Amino acid sequence: MGEVIANMGSEFADSWGTDRAGAWFAETESMSAETDRAWQTARLAGESRRANPRSRLRSLLRHDESSDVAQLSQQRILQRLDEDASHVRHLARSLHAAPTATAGGM
């Protein structure tokens, strides 16, 4: 995501075109797909953890709050990544709709 934003900044330093904005939009779509895969992996890991009889036995003996906190932290990170990709995608969409500009014409 940082690389896409850095590329946007570099392009604005010189000039840019709507074709480049389309490429940025496609990259944000890829970011969202990767975030979706990460969500699926996190859900699968959570289900596996809950289904594991050893972890159920441990939770009966003591409540393991650290794993609950870690899971919430992972969810927050994935939510933020998804939101950030959405913001960058919106920026790319706006740039795609804007007329082509050059550094000298601004």
Side-chain angles (χ1 to χ4, degrees):
M1 191 173 310
E3 186 177 324
V4 172
I5 293 171
N7 288 341
M8 287 178 172
S10 295
E11 292 281 331
F12 275 113
D14 299 324
S15 66
W16 59 277
T18 56
D19 59 331
R20 192 66 195 125
W24 295 328
F25 183 83
E27 289 180 45
T28 63
E29 289 291 319
S30 175
M31 289 177 213
S32 291
E34 288 178 31
T35 304
D36 287 343
R37 286 191 296 275
W39 272 111
Q40 291 172 354
T41 302
R43 279 189 215 106
L44 180 61
E47 291 171 9
S48 295
R49 185 177 52 84
R50 285 187 294 276
N52 186 336
R54 289 177 293 196
S55 64
R56 276 191 272 155
L57 180 60
R58 268 184 264 156
S59 68
L60 289 174
L61 297 174
R62 64 176 169 75
H63 183 69
D64 190 8
E65 293 179 14
S66 63
S67 65
D68 293 340
V69 171
Q71 186 175 8
L72 286 174
S73 178
Q74 291 170 352
Q75 289 173 350
R76 287 185 188 123
I77 290 169
L78 290 173
Q79 286 171 341
R80 288 179 184 157
L81 281 172
D82 199 28
E83 289 172 8
D84 292 345
S86 177
H87 291 301
V88 175
R89 184 172 29 261
H90 179 71
L91 177 60
R93 189 179 300 133
S94 297
L95 294 173
H96 186 56
T100 304
T102 60
M106 294 177 114

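One is the number of the first residue; the rest follow in order along the sequence. Both backbone and side-chain heavy atoms feed into the values below; hydrogens, waters and symmetry mates do not. Keep in mind that what you see is a predicted model, and the values were worked out from it rather than measured.
- Residues F25 and R93 approach most closely at CE1-NH2, 3.4 Å, considering heavy atoms.
- The shortest heavy-atom contact between T28 and A85 is CB-O, 4.0 Å.
- With a 4.5 Å cut-off on side-chain heavy atoms, W39 and T35 count as touching.
- Using a 4.5 Å cut-off between side-chain heavy atoms of Ile, Leu, Val, Met, Phe, Trp and Tyr, with links allowed through other members, V88 and L81 fall into the same hydrophobic cluster.
- Note: L78 CG to S73 OG = 9.5 Å, rounded to the nearest 0.5 Å.
- Residues A92 and A21 approach most closely at O-CB, 3.7 Å, considering heavy atoms.
- Between M31 and D84 the shortest side-chain heavy-atom distance does not fall below 4.5 Å.
- Distance check, rounded to the nearest 0.5 Å: CD of E83 to CD of Q79 gives 6.5 Å.
- Checking side-chain atoms of S94 against main-chain N and O of H90 turns up a donor-acceptor pair under 3.5 Å.
- A heavy-atom distance below 4.5 Å is not found between the side chains of Q74 and I77.
- D36 is linked by a side chain to side chain contact (heavy atoms under 4.5 Å, CB included) to nothing, counting only residues two or more places apart in sequence or in another chain.
- Residues passing the salt bridge (charged side-chain N to carboxylate O under 4.0 Å, His left out) test with E29, sequence neighbours excluded: R89.
- Atom CG of L44 and atom CD of Q40 lie 9.5 Å apart (nearest 0.5 Å).
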